[in-house]
Every structure is written in C-alpha cells, then in structure tokens.
Amino acid sequence: MSLFALQKVLYDLNRDPRVQQQFRSDVKGLLDGYDLSAEERSALASGDIGLIYVLGANGQLLMHFAAFLGLPWADYIQAMRDGVAKHGPVRDGIYAMTTQMDEKVAGV
Amino acid sequence: MSLVFAGICSHAPGITGRANLAEARLRDPFHAAYHRMGEQLLQARPDALVVVAAEHFANFFMTNMPSFAVGMADSYSGPIEDPGWLGIARTSIPGNAALSRQLIQEVMQTVDVSYAEEWKFDHGIMVPLHFLTPRFDVPVIPVNINCQGPPLTPLHRAWAFGEALRRAADSVPQRIALVGTGGISHWPATPDSGKINEAWDRELLDRWQRNDKAALLSYSDRETYREAGQGGFEIRTFISVAAAARGLGSVQHYAPIPIFAVGCTVAVMDVAA
C-alpha cells in the first residue's frame with residue numbers, strides 16, 4: 001500500500017495546471033513518477049472515484065479530482081457508494097462511509 | 001491599533017457551487033446573513049482581514065504539514081478548484097506581506113508557526129471572501145490550522161494560537177479583522193455528505209458564544225469524529241477566534257442545509273479587552 005503516493009498524485013494534480021495537462025496528454029508518464037501499487041495506478045488512470053475512495057484517499061483531495069474529471073455532484077457521491085458496494089468498506093484514512101447504501105441524506 | 005472585528009462562518013463549497021440545488025427558503029436567509037456579516041466587517045474599517053481557515057491540501061500536504069501556517073505575500077490567488085464547480089471566478093486577492101511579517105514575528109514569541117510566501121486559496125477561504133468582501137479589495141492574511149492530516153493540531157494549541165494572534169494584532173498600528181471558518185459537524189466528501197448533527201452543532205455554538213474555554217477544549221478527536229465527522233475537526237478555527245476575541249459571541253444564523261453539507265453558520269463575537 002502506498003496511500004501517501006496516491007494522495008500525492010491528487011495533491012499535485014489539484015493544484016498544478018501543468019500536472020493537469022500531463023494527466024490528459026500522458027497519464028502513464030505522469031504516474032511513472034510516483035511509487036504506486038498496480039491497483040492505485042489503475043484507479044487513477046481510469047478515474048475510478050469509487051476505488052480511490054475505498055483505498056482511503058482523503059475525501060477533500062478526491063472531491064477536487066472528481067470536479068476536475070467533470071463529474072456532476074450526484075454522480076460523484078454515487079460513485080463512492082458504488083465503490084464501497086464493489087470493493088468493501090473504506091480501508092484507511094478518516095473519510096469512512098457511515099450511512100447506509102440507500103440513505104441519501106442530501107437527496108443525492 | 002487592535003483587533004476590530006471577530007466572527008466565524010461556514011465555508012463548504014456547496015454554499016456557492018450548489019446554490020442552485022438548495023431550496024430558496026433555506027439558502028436565501030443564509031446568504032443574506034452571510035452578506036450582513038460582511039457589512040458588519042466593513043463597518044469596522046479593517047486594514048486587513050485575517051482568515052483562519054482549515055484548508056484542504058491546496059498548499060500543505062503530508063510531505064511537510066505545519067500545525068499552523070500564516071501567509072506572507074502581497075497577493076494571493078484562488079480558487080484552486082474549477083471555478084465553474086465552485087461558482088466563484090478565479091481572481092487575485094490582495095495581501096500585505098509587511099503586516100504579515102510583523103504579525104508572524106509576534107505570534108512566534110509563543111506559538112511556532114510556518115510562513116508561506118505563496119498561497120493558493122481553496123473554497124475554505126474563497127467562499128467566505130465571496131460573501132464578506134465580494135470585491136476582493138480588503139487585504140487578506142490567510143492562516144491555516146491543520147484539521148485534515150492527522151495527527152491534528154491539538155485544541156489547546158489552537159487556543160494558544162488565538163491568544164498569540166490577539167497579542168500580535170494589538171501590537172501593530174493597523175486595524176485587524178478576524179474570521180474563523182470551518183465545521184461545524186459534517187461528513188464532507190463522503191457518501192454521507194449532507195449528514196449534520198444539529199444538536200452537537202448547537203452545543204458547540206453555545207460553548208463558543210459563552211466563550212467557555214474549558215468546555216471548548218474538552219472535546220476529544222475521537223468523540224468529535226464519532227459525533228461530528230471528520231469535518232468537525234475544523235472547530236479548531238472557531239476556538240482560535242474565541243481565544244483572540246475574548247468576548248461573548250452572537251449566532252446570527254444557523255440552519256442545516258444538507259445539499260450544502262453543513263449546518264450553515266454565521267456568528268460574530270465582541271472583541272473584549
């Protein structure tokens with residue numbers, strides 16, 4: 001596991017337009033610069049919000065990544081639920097899911 | 001001169017970014033209260049606005065995470081997020097590096113802080129400025145307390161920082177306004193987004209209004225996480241404002257708005273001697 005590296009990709013991506021550009025033009029080359037597991041690498045490259053959430057990425061980092069990918073709010077929230085349904089509970093960090101799968105507290 | 005204004009407010013990105021998804025009967029009174037707080041702030045004729053925020057990895061990360069950081073630049077930029085997503089256009093915000101330096105030097109006499117000559121504002125500062133100083137014409141001095149990457153800044157250190165900030169504000173000739181922004185209970189950026197513990201929020205606000213130091217510092221992170229979510233860790237910003245202002249607080253607006261993900265809060269505090 002290398003949650004630090006996974007989160008560092010998101011941190012760099014969220015704040016640096018040049019990293020954003022490389023993510024779109026050469027994601028493989030970008031990710032080569034980080035010490036990532038195969039699972040983390042694949043989740044980032046494919047924009048798998050649900051898996052990144054389950055891996056334990058800080059929610060604030062992930063929220064900005066979802067916005068960068070252009071996900072509407074409801075889709076982003078649902079993607080995290082889908083991630084938990086598919087991969088099980090959040091494995092690390094402080095952003096665990098505490099509501100039920102069908103409990104849409106804000107209507108989304 | 002001294003501290004001339006103190007207040008606290010919410011900063012959740014939905015407040016601007018998802019404004020169109022909220023019911024007008026909930027959204028409009030909150031936005032109006034937020035604007036009124038801005039009018040009060042400007043009536044205090046501040047030379048600078050210190051915003052004590054709980055940023056979300058726009059500038060600080062687990063490579064080198066300060067407990068406290070203070071901006072020391074003549075200008076800042078924001079928002080770091082997609083402007084369309086946040087509902088706030090990208091802009092530059094004036095700072096005051098010389099004043100920052102003076103404040104930092106005084107704060108450092110009792111609390112170790114990092115300084116930053118570059119600082120990109122995220123929603124944690126941009127949302128408050130959008131309502132409080134909508135023309136972005138008041139020089140801002142950003143402050144961050146680590147409320148995101150554990151181990152977090154202890155509550156009693158947030159209090160000590162607020163005391164140091166007050167001493168620093170009183171030591172410069174400029175008129176300083178202070179706004180803390182965060183919390184209260186919320187589970188942001190999770191599928192729980194929209195969950196709000198109103199009873200916990202009201203208890204926290206009661207302690208804050210009474211400026212009850214012992215009660216404010218009695219929360220444990222374990223209890224806060226359980227009752228108020230990871231967003232609850234941001235009470236550190238409110239605590240530092242209470243320590244700086246020393247007065248009694250007045251909640252001008254509180255109402256849970258689930259699509260904004262928080263109990264939407266606007267409150268001011270008298271600045272006592």
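A, B, ... follow the sequence lines: proteins, then strands. Residue 1 opens every chain.
The aromatic rings of Trp119(B) and Tyr76(B) lie perpendicular to each other, with more than 60° between the two planes, well past the 30° mark. The aromatic rings of Phe131(B) and Phe30(B) lie tilted to each other, with the angle between the two planes from 30° to 60°.
The distance between the ring centers of Phe68(B) and Phe161(B) falls below 6.0 angstrom. In this structure, Phe65(A) has its ring center under 6.0 Å from that of Phe23(A). Here the two rings, on Tyr219(B) and Trp200(B), have centers that are under 6.0 Å apart. Aromatic ring centres of His11(B) and His56(B): separated by under 6.0 Å.
Side-chain contact between Ser77(B) and Phe121(B) is absent, with no heavy-atom pair separated by less than 4.5 Å. Using a 4.5 Å heavy-atom threshold, the side chains of Trp73(A) and Ser193(B) count as touching.
The candidate with the highest count of non-hydrogen atom pairs below 4.5 Å against chain B, out of Gln78(A), Met63(A), His64(A), Glu103(A), is His64(A). Contact count versus chain A (heavy atoms, under 4.5 Å) is highest, among Gly231(B), Gly149(B), Ala189(B), for Ala189(B). Interface check for chain B: of the options Thr98(A), Ile77(A), Asn14(A), Val90(A), the most heavy-atom pairs under 4.5 Å are formed by Thr98(A). Contact count versus chain B (heavy atoms, under 4.5 Å) is highest, among Val105(A), Val108(A), Leu62(A), Leu10(A), for Val105(A). For chain A, the option among Gly17(B), Ala58(B), Pro188(B) with the highest count of heavy-atom pairs below 4.5 Å is Ala58(B). No other option in Ile259(B), Leu21(B), Asp122(B) has as many heavy-atom pairs under 4.5 Å with chain A as Ile259(B). Of the residues considered (Met101(A), Lys104(A), Met80(A)), Met80(A) shows the highest number of contacts with chain B, using heavy-atom pairs under 4.5 Å.
Neither the backbone nor the side chain of Phe260(B) comes within less than 4.5 Å of any heavy atom in chain A. At a 4.5 Å heavy-atom cutoff, the contact between Lys195(B) and chain A is made by backbone and side-chain atoms alike. At a 4.5 Å heavy-atom cutoff, the contact between Ala96(A) and chain B is made by backbone and side-chain atoms alike. Both the backbone and the side chain of Tyr95(A) have a heavy atom closer than 4.5 Å to some heavy atom of chain B.
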